[in-house]
Asks: 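My questions all concern the structure below.
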Amino acid sequence: MLELARIRKEKETIIERLKLRNFDGKELIENILVLDGNWRESKQELEKIAAESNQLAKSIGSLFKEGKQDEANKAKARAGELKELEKNAKEAMNAYAEKLQAALYEVPNVPNPSVPAGNSDEDNEVLSNSGTIPTKLDFWQPHWELAKKYDIIDFEVGVKVTGAGFPFYKGQGARLQRALINFFLDQARDNGYTEIIPPFVVNEASGIGTGQLPDKEGQMYHATIDDLYLIPTAEIPLTNMYRNELVKSTDLPIKLTGYTPCFRREAGSYGSDVRGLNRLHQFDKVELVRIEHPDNSYAVLDEMVKYVQDILTKLELPYRTLRLCGGDLGFTSALTFDLEVYSAAQDKWLEVSSVSNFETFQANRLKLRFKDENNNKQLVHTLNGSALALPRILAALLENNQTEEGIKIPAALVPYTGFDIIKN
RNA sequence: GGAUAGUUGGCAGAGUGGUCGAAUGCGGUAGUCUUGAAAACUAUUGUACCGCAAGGUACCGGGGGUUCGAAUCCCUCACUGUCCGCCA
């Protein structure tokens, strides 16, 4: 959510920059400013009535004490009138406040000026390519065939037990999965992140805090009996740890990492994109969250991208780095870099990480502030990034490392798996 | 799941219808004293919003109600403690 004060101050810039994401915000922003004016006006009106009412109530007390019954009763009559006025004024103010809030929720984050214009993922800017794309050999198979061949992932039994998109990992597949989680967490720890194991379900306030609610309600599994949501990413519990907090500037930066399963309904997804491990309803992910001083957040964003690149290099996977265009940019993000690995047998780039700077957009909803050098309260900047999402890494590892003997495990992972090849 | 007691400012803790934004203690900040520190003493010290300002409004777990007036009375929800039951 954008800060109202900022909208008042930078109306034109905001409208202009929102165009980068093909968002015509002119009408909405104008409307917000009108509602803001109405709200303030009605608030002043209400407060005026409340002030008189408060004063009157006090005087009634003293009048009774002094035994001036008549005057007291007269004042009571006036108080009754005021009460009616106050009720109406309050309703008017609340109506404006509600409309204002709803309108503010509709405004996406203002893109960073470096965000390229564009409509879809086709317009994302490829910043770099790293690693060597392997040559596809005749016997190479996509990962869902390999999963069957080596009996390491069972999609069918997942359908029986739960439904499509909930695979079972078995034997070496399960161990490889666990090895990746540990590898990622160890890497994060070596880089100064504190490991967290958060709850996998969150309440509504947390969903609102990080921006999944109210917009993307349909993307999350909702346990309605208890009104809790299954997390689609560890970003929600990790960032919400600091909801409504005022941290000291010396507490910054806050660097958190956490492994969680992620649950996504993925309503509306279809086609070859959802084949095998490409898109699941439940998947594992290690997430990084940073809470930063506003002056540092863009340097930190670059640092996080480098960090993810470094892990991909260690896994010996060919990858490319993209700067998301305005049309593909998430609602809450000001700037996002995606990292995609090349999965050879499918001949596809698979997104395995998304690293974003939200600036104050989440912090404003979270009411997450810090005391700056001058003891003023300021909103922090929040960032997060996947490091990494497991299934597509697994897909690429399986597809790219096929040999006649079996699937080779990259050297960096062998200490974690305890084996260097997957074979029958 | 049943019973019961709670939820007040950074913390502890008073406050059962009016002068309570809230005693008191601790803590914090500033000062006096001191070579310095501690102790002692003095003063000060909640948050948010509206307003150019003066000032005003709201907030005693959340929401609603009674009343001219609610931290205080009523309803409701959430959370916490304790006991019982169940349980990894």
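Convention: sequence-line order gives letters A, B, ...; per-chain numbering from 1.
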Asks: Quantified in whole Å, what is the P atom distance between nucleotide B:G56 and nucleotide B:G61?
Replies: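 Approximately 25 Å lies between the P atom of B:G56 and that of B:G61.
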Asks: Report which part of the nucleic acid A:Ala57 touches: base, sugar-phosphate, or nothing (heavy-atom distance under 4.0 Å, all strands).
Replies: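 Counting heavy atoms under 4.0 Å across all strands, the contact made by A:Ala57 includes a base.
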Asks: Go ahead and write out RNA chain B as dot-bracket, 5' to 3': ( ) for pairs within the strand, [ ] for ones crossing earlier pairs, | when the partner sits on another strand, dots for unpaired; Watson-Crick or G-U wobble, both distances under 3.5 Å.
Replies: ((((((((.[[[..)..(.....]]]((((((.......))))))(((((....))))).[[[[[..)....]]]]])))))))....
Asks: I'd like the C1' distance from B:C86 over to B:A3, given in whole Å.
Replies: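 One C1' to the other, the span is 15 Å.
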Asks: In sequence, state the C-alpha distance, the side-chain angles, and the governing distance for A:Lys408 and A:Asp420, and then conclude on salt bridge (charged side-chain N to carboxylate O under 4.0 Å, His left out).
Replies: CA-CA 6 Å; A:Lys408 288 262 167 63; A:Asp420 59 8; over 6 Å; no
Asks: What contact category does A:Leu56 fall into here, base, sugar-phosphate, or nothing, at under 4.0 angstrom with non-hydrogen atoms?
Replies: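 No contact.
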Asks: Below 3.5 Å, can you tabulate the donor-acceptor pairs from side chains in residues 304-311 of chain A to any protein atom, sequence neighbours excluded?
Replies:
unit_1, atom_1, unit_2, atom_2, d
A:Tyr307, OH, A:Ala188, N, 2.9
A:Gln309, NE2, A:Thr321, OG1, 2.9

Asks: Distance alone, cut at 3.5 Å: any donor-acceptor contact between the side chains of A:Asn112 and A:Tyr298?
Replies: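 Indeed, the side chains of A:Asn112 and A:Tyr298 share at least one donor-acceptor pair under 3.5 Å.
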Asks: Each nucleotide in nucleotides 46-65 of chain B should get exactly one letter: B, S or -. Can you fill that in based on protein heavy atoms under 4.0 Å?
Replies: -SSSBS----BBS-------
Asks: Rounding to the closest angstrom, what is the interatomic distance between B:C87 and B:U76 at atom P?
Replies: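 32 Å, rounded to whole Å.
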Asks: Closer than 4.0 angstrom, basic N to acidic O: yes or no for A:Glu30 and A:Lys11?
Replies: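 Result for this pair is yes, salt bridge flagged.
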Asks: Which value, in whole Å, describes the distance between the C1' atoms of nucleotides B:A88 and B:C83?
Replies: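 Their C1' atoms lie roughly 22 Å apart.
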Asks: Give me the distance, rounded to whole Å, that separates B:C60 from B:C73 when you measure between the C1' atoms they each carry.
Replies: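 These two C1' atoms come out 16 Å apart once rounded.
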Asks: Between B:G25 and B:G18, how far apart are the two P atoms, rounded to whole Å?
Replies: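 Taking atom P in both B:G25 and B:G18, they lie 24 Å apart.
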Asks: Establish, from distance only, whether the side-chain atoms of A:Tyr229 and A:Asn203 form a donor-acceptor pair under 3.5 Å.
Replies: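 Note: A:Tyr229 and A:Asn203 side chains miss the donor-acceptor criterion.
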Asks: Assess whether a salt bridge exists between A:Glu45 and A:Lys48, defined as any Lys/Arg side-chain N lying under 4.0 Å from an Asp/Glu carboxylate O.
Replies: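 Here A:Glu45 does not pair with A:Lys48 in a salt bridge, since their nearest N and O are not under 4.0 Å apart.
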